[in-house]
Amino acid sequence: MKVEPMLILPIVLYLFFCASYFWSVDPLHTIKGLGRLVPLLIFPLAFSAIPKFTLKQFHIILSYFSISNVILGVLFIVTASINFIHKKSFSVFTYHELVLFLDLNAIYVSVFFSISYFYLLSKQHKKPLEKGAIVFLGILILLLSSKMLIVSFVLCNIIFLVFYKGISYLKNYKTLIVILALTTVFAATSHQVIKRFIIETTTNFDEVLQKEKFNKIYPWTGSSIRILQLRILKDQIQEENIFWKGFGLYASRNNLKERHLDFNTYYGYHSYNYHNMYAQILSELGIFGLLFLLLILILNIKKAIQSSIFLFLIFNIVFFMVFFTESILWVHRGIFFFIILYCLFNRTVFSSHILKEAL
């Protein structure tokens, strides 16, 4: 069995995780983490043991995935409509409330929907139902109101229009209808979305970076709690000597909790991870772990650009950006989704003579 170079990288990363057991400050949690992150080992080996995917097979997989997401989206809207009858509040159609009935996280669902949205958008020949699905998924991404995902959503749409379709694509009336529909929905839900962006502007960066004690009702924002986590990481590097090796896989939790207790933060934050994949891996695997993760991302982005496959590039951009706000690989649904798509892209033959079919 020959393992592709790009599939060797996550395997090596997992072996590095295993090695951290020998210097971990919390071996029991490290063993637990190794069990949770074993997909990094299993899926690259499994994908290497089967034939490479053809472009047709690639499309079949992504089509079924997108259909599943559309069905899931319909369930979200139906459930939210029922909740609206009882609550009389449009908030049930946005953010975590929209996905509450399945106890899901709006940010992770936004990532799933984004991949399906851009897959359908990149298809050259779209059926009427697929065009409707593009609009529907775009609406759902806006309703889910994840700030980083909305930013990446806008950025990736711009990349598609400028580099893959050209500005002339905007002259197509169908394109203008889609843009108008998404703009209308954004305007209708803008109160909730804009409110979340405005709240972030209230973040007192100096206070979060310098204050010695916070109270239980401190007005935290998404940005401020993440900045505090980075402040804690800085203190950990200076005081715990973790720069080179880190605490060990999944071994940073107790130290994080102790420092939150010292800062007197809301108890709900005491079990938080860093909410930043780069900070998470630096804390637990040291600078070499961080550099290796960045190497994987850079090489994958390079391969995506060389392939000229739009969705391959989008996959990398979305995860690169989400890594700044979520420790997504430390969560079951995050690690499974990332490594399966990573392996799929790196085991698909994007033949040059049928490249236009993929765009």
Side-chain angles (χ1 to χ4, degrees), residues 1-53 108 111 233 236-237 240-256 273-304 306 312 315-316 318-320 322-324 326-348:
M1 179 179 66
K2 182 180 179 181
V3 183
E4 298 245 348
M6 287 302 295
L7 297 191
I8 291 176
L9 293 177
I11 295 174
V12 174
L13 181 61
Y14 183 77
L15 294 178
F16 187 53
F17 292 166
C18 294
S20 74
Y21 172 83
F22 296 102
W23 65 78
S24 175
V25 300
D26 191 346
L28 291 178
H29 270 102
T30 296
I31 292 175
K32 179 181 178 181
L34 290 173
R36 178 167 290 190
L37 298 180
V38 76
L40 288 174
L41 174 66
I42 293 177
F43 282 101
L45 291 175
F47 272 77
S48 298
I50 60 178
K52 288 187 175 183
F53 294 90
Y108 290 83
V111 173
L233 176 60
Q236 289 171 326
I237 292 173
E240 307 292 342
N241 194 28
I242 63 168
F243 180 77
W244 297 108
K245 297 187 300 182
F247 287 109
L249 183 70
Y250 269 55
S252 63
R253 297 186 176 191
N254 289 335
N255 194 279
L256 260 177
N273 57 33
Y274 291 90
H275 274 263
N276 181 314
M277 194 63 244
Y278 306 110
Q280 191 81 40
I281 204 163
L282 176 60
S283 169
E284 298 183 0
L285 284 307
I287 187 62
F288 295 112
L290 175 60
L291 290 176
F292 198 80
L293 175 64
L294 291 174
L295 175 66
I296 293 175
L297 294 175
I298 291 170
L299 291 178
N300 212 40
I301 290 173
K302 179 182 177 182
K303 186 172 181 180
Q306 291 173 340
F312 195 178
F315 164 76
N316 286 282
V318 168
F319 274 93
F320 179 82
V322 172
F323 279 178
F324 280 105
E326 299 294 323
S327 298
I328 196 167
L329 300 185
W330 263 227
V331 178
H332 267 133
R333 63 179 69 98
I335 185 65
F336 273 93
F337 188 60
F338 173 81
I339 194 59
I340 290 174
L341 281 184
Y342 176 92
C343 292
L344 176 62
F345 282 116
N346 283 287
R347 286 290 288 174
T348 297

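Keep in mind that what you see is a predicted model, and the values were worked out from it rather than measured.
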| request: For side chain to side chain contact (heavy atoms under 4.5 Å, CB included), just list the numbers for Glu284 and Trp330, CA-CA rounded to whole Å, side-chain angles, deciding distance to a tenth of an Å, and then say yes or no. | output: CA-CA 11 Å; Glu284 298 183 0; Trp330 263 227; 3.0 Å; yes

| field | Within 6.0 angstrom of Tyr278 OH, more than 12 heavy atoms from elsewhere | value | yes

Apply ring-ring contact (aromatic ring centres under 6.0 Å, His included) to [X] and list each qualifying residue two or more places apart in sequence or on a separate chain.
X      : value
Tyr14  : none
Phe43  : Phe336
His29  : none
Phe337 : Phe65, Phe112

| message | For Leu34 and Tyr250: C-alpha separation, side-chain torsions, deciding distance, then whether side chain to side chain contact (heavy atoms under 4.5 Å, CB included) applies. | response | CA-CA 9 Å; Leu34 290 173; Tyr250 269 55; over 6 Å; no

| message | Counting C-beta onward and ignoring hydrogens, is there a side-chain heavy-atom pair between Ile242 and Leu233 closer than 4.5 Å? | response | yes

| said: Side chains of Leu282 and Ile237, heavy atoms from C-beta outward: is any pair under 4.5 Å? | reply: yes

| query | Would you call the rings of Phe345 and Phe312 parallel, tilted or perpendicular, where under 30° means parallel and over 60° means perpendicular? | reply | parallel

Is it the case that the side chain of [X] and the backbone of [Y] share a donor-acceptor pair, with hydrogens and angles ignored and the cut-off at 3.5 Å?
X      : Y      : value
Ser327 : Asn276 : yes
Thr348 : Leu344 : yes
Arg347 : Leu7   : no
Ser20  : Leu249 : yes

| note | Taken in chain and number order and not counting sequence neighbours, the residues that satisfy side-chain contact (heavy atoms from CB on, under 4.5 Å) with Lys302 are Gln306

| Could you give the distance from CE (Met6) to OH (Tyr342), rounded to the nearest 0.5 Å? | 3.5 Å

| request: Nearest 0.5 Å please: distance from the CD1 atom of Ile287 over to the CG atom of Leu285. | output: 11.5 Å

| Steps toward side chain to side chain contact (heavy atoms under 4.5 Å, CB included) verdict (Met277, Glu326) | CA-CA 6 Å; Met277 194 63 244; Glu326 299 294 323; over 6 Å; no

| message | Go through it in stages, so that I can follow the logic: the residues are Leu9 and Phe292, the test is side chain to side chain contact (heavy atoms under 4.5 Å, CB included), and I'd like the CA-CA distance, side-chain angles, deciding distance and then a yes or no. | response | CA-CA 9 Å; Leu9 293 177; Phe292 198 80; 3.9 Å; yes

| message | Could you work out, with side-chain hydrogen bond (donor to acceptor under 3.5 Å, both in side chains) as the rule, every residue matching Lys303, not counting sequence neighbours? | response | Asn346

